[in-house]
Number of protein chains: 2
Amino acid sequence: MINGSWKKRRISEKLAQRILKVAEEQGYAVNMQASALRKDRSNIVGMIMPKYDNRFFGAIAEQFEALARANNMFPVITCTQRDPDLEVEAARELLSYQVDCLISTGATDPDRITALCAANGVQSLNLDLPGHDAPSVISDNGNAAHALTNLILDRCKAELSWEGPLRFVGGRLSDNNTAARLDGFFRAHNERGIEVPDNHVMAAGYSANSAAGRLADLHPDGPMGIFVNSTISLEGVVRWHSGLGDAAAQVRYGCFDWDPFGSYLPGNVGMVEQDVPAMLEALFGLIGKKPKQADPIRIPCHLRPF
Amino acid sequence: MINGSWKKRRISEKLAQRILKVAEEQGYAVNMQASALRKDRSNIVGMIMPKYDNRFFGAIAEQFEALARANNMFPVITCTQRDPDLEVEAARELLSYQVDCLISTGATDPDRITALCAANGVQSLNLDLPGHDAPSVISDNGNAAHALTNLILDRCKAELSWEGPLRFVGGRLSDNNTAARLDGFFRAHNERGIEVPDNHVMAAGYSANSAAGRLADLHPDGPMGIFVNSTISLEGVVRWHSGLGDAAAQVRYGCFDWDPFGSYLPGNVGMVEQDVPAMLEALFGLIGKKPKQADPIRIPCHLRPF
DNA sequence: CAATCATGCTCCATCGGTTGAGCAAATGTT
DNA sequence: AACATTTGCTCAACCGATGGAGCATGATTG
């Protein structure tokens with residue numbers, strides 16, 4: 001009423017203005033709980049998100065809020081600490097608050113959340129990590145990883161006169177992004193006729209400590225190149241790298257994901273910046289639409305060589 | 001009802017269990033809109049936050065959500081892009097959703113938001129930047145800045161045989177934190193009998209570009225030391241520093257706020273890590289309590305020398 | 001055995017905003 | 001003037017959870 005529905009309701013301009021004026025004076029604000037209850041639409045778009053500890057997720061959060069606001073929706077983000085149980089609990093909670101649409105960002109089991117949403121008649125979308133049962137918007141991980149791998153290999157050749165193979169550090173083999181990136185990683189090696197030994201893939205999780213832990217025993221006695229699978233893993237790699245002493249000069253790495261300080265890290269040859277604005281644009285294009293449920297929408301990334 | 005209030009209502013254990021079982025089976029969830037409307041308590045704690053683009057705010061967001069959940073409240077964070085108008089609009093929106101308590105983090109005009117809350121009978125709290133009209137939890141900026149200034153001065157003396165004065169880059173003179181940090185900055189200089197010329201204070205905003213812009217014309221012809229007033233400003237400082245060529249070796253800096261890659265930046269002698277868990281612990285101690293309205297609660301910081 | 005009390009359950013008003021229905025007055029039509 | 005139509009406003013049901021009032025029972029007491 002207070003919004004704009006009075007035009008449809010044969011209320012005279014004059015009365016409407018008078019009401020609006022009084023409302024303004026009294027500092028009246030619509031009780032969205034009551035409004036949502038009656039209209040069966042809350043205008044809330046919920047998002048679950050693993051962490052706030054890196055620029056990728058931070059940018060997603062900011063863009064998501066900005067776009068939601070621009071679309072007259074109320075954004076609510078909840079951070080689930082990469083904990084599958086917390087993801088489900090948070091999704092349930094958001095559904096309790098009657099979200100109109102729920103977006104799962106980087107969820108470990110997005111289809112489980114889609115099922116929950118379906119049971120409540122709520123639209124479900126996936127971001128960053130794809131699901132089978134709801135439309136997904138993700139980065140073109142394969143091609144970006146291919147480009148990054150080539151960049152690292154090129155730099156190793158140019159600066160260390162060494163041809164690989166690289167190592168792959170960080171992430172989880174079970175997750176779709178890691179799989180897609182590994183695919184690009186292998187493809188780049190294959191195209192050069194380079195074999196990658198199994199033990200060169202060290203994907204034991206995203207945390208800095210697990211990356212540092214896997215590298216701990218590794219002290220290079222010659223040139224070495226590393227594909228780092230997230231800025232969080234990069235923290236571990238850099239910690240390890242900085243403890244190498246002279247051997248550090250023989251190491252080159254690149255990272256999937258961007259950080260403003262990345263270009264100042266010795267040995268870092270480049271980073272992949274995911275195109276967050278484009279991803280969210282695509283995502284909001286799906287909100288309120290019927291499923292269609294094609295393949296995930298893949299957004300190209302920017303490779304930033306240093 | 002579905003929660004636990006049936007015990008008070010003389011409902012038999014048996015019936016209660018039967019209802020709960022059916023509810024479980026049907027995937028029933030309480031409609032929080034309806035519940036909040038009736039109970040006049042939403043269980044929502046709102047927080048407005050300037051940005052998600054650095055570790056400090058990211059850590060606040062994560063801790064806030066974790067603590068809210070632990071206290072059976074539903075956390076809703078909204079990011080306001082350091083825009084005063086957006087802050088007020090976001091506060092209004094959160095009040096529309098009937099938050100039980102609203103926390104202003106790093107708000108440019110916290111008292112305006114407190115006034116809005118008061119008009120709605122909602123508790124208001126400030127975090128990171130203090131207000132006059134609501135209880136505030138902030139870092140002990142003055143003492144931490146004093147310690148950081150001393151660290152930078154000591155390193156300049158030891159490594160560059162130079163005694164200062166340092167420059168102060170980033171932040172806004174109008175904001176309380178910048179003022180408190182400047183105070184510690186000056187105090188450390190005064191204790192050493194060092195005069196700080198006016199033009200050494202370059203606080204033209206928090207963004208990386210404004211920091212880089214203010215430094216652009218500055219090409220050191222001797223030793224130089226810089227107190228950097230946030231990791232975002234640090235991005236600008238590092239960009240400038242990396243373009244200095246040989247002169248870069250004559251520059252030392254330290255930064256208020258911590259970043260995992262900070263210790264690898266050449267010239268960086270240390271960072272201040274604010275104690276986010278302690279801040280939020282103190283903040284949640286105030287939720288639901290009567291004002292008391294003493295001075296801001298000041299939480300000590302950790303100085304991390306590199 | 002009647003009166004009192006405790007137990008277990010049902011009913012319904014309520015929260016505040018929304019919206020269809022309905023009524024009265026103004027305007028238009030023949 | 002008699003009737004139809006439009007305009008402007010008021011009323012009340014409703015959304016779902018909550019919790020007090022109230023009504024049947026069954027248990028307890030003098």
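Proteins come first, then strands; the chains are lettered A, B, ... in the order of their sequence lines, and each starts at number 1.
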- Item | Parallel, tilted or perpendicular: rings of B/Phe74 and A/Tyr97 (30°, 60°) |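 Plane angle under 30°, so parallel.
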
- Query: In terms of the angle between their ring planes, are B/Tyr52 and A/Tyr52 parallel, tilted or perpendicular, with boundaries placed at 30° and 60°?
  - Reply: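 Because their plane-to-plane angle is under 30°, the rings of B/Tyr52 and A/Tyr52 count as parallel.
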
- Task: Would you please say whether a donor-acceptor pair under 3.5 Å links the side chains of A/Gln123 and A/Asp100?
- Result: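 Judged by distance alone, the side chains do not pair up.
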
- Query: In Å and rounded to the nearest 0.5 Å, what is the CD1 to CG distance from A/Ile113 to A/Asp133?
  - Reply: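 CG of A/Asp133 is found 12.0 Å from CD1 of A/Ile113.
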
Can you tell me the distance, in whole Å, between the [atom1] atom of [X] and the [atom2] atom of [N]?
X	N	atom1	atom2	value
A/Gln98	C/dG16	CD	P	19 Å
A/Arg41	C/dT18	CZ	C1'	14 Å
A/Asn31	D/dA17	CG	C1'	14 Å

- Taking five pairs at each end, how big is the angle between the two axes of the helix from C/dC1-D/dG30 to C/dT30-D/dA1, to 10°?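 Taking the rotation axis at each end, their angle is 50°.
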
- Query: Hey, are the side chains of B/Phe64 and B/Leu127 touching, using non-hydrogen atoms and a 4.5 Å cut-off?
  - Reply: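 The answer is no, as the side chains (C-beta and beyond) never meet within the 4.5 Å cut-off.
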
Selection from [options] that lies nearest to any side-chain heavy atom of [X]:
X	options	result
A/Arg38	D/dT18, C/dC15, C/dT19	C/dT19
A/Ser35	D/dT18, C/dG17, D/dG16	C/dG17
A/Val30	D/dA17, C/dG17, D/dC15	C/dG17
B/Tyr28	C/dT18, D/dA17, D/dG16	D/dA17

- Using a 4.0 Å heavy-atom cut-off across all strands, classify A/Asp40 as base, sugar-phosphate, or nothing.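 No contact at all - A/Asp40 keeps every heavy atom at 4.0 Å or more from the nucleic acid.
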
- Give a yes or no on whether the backbone of B/Asn229 and the side-chain of B/Ser233 come within a donor-acceptor separation of less than 3.5 Å.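 Pair absent, no side-chain N/O of B/Ser233 close to backbone of B/Asn229.
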
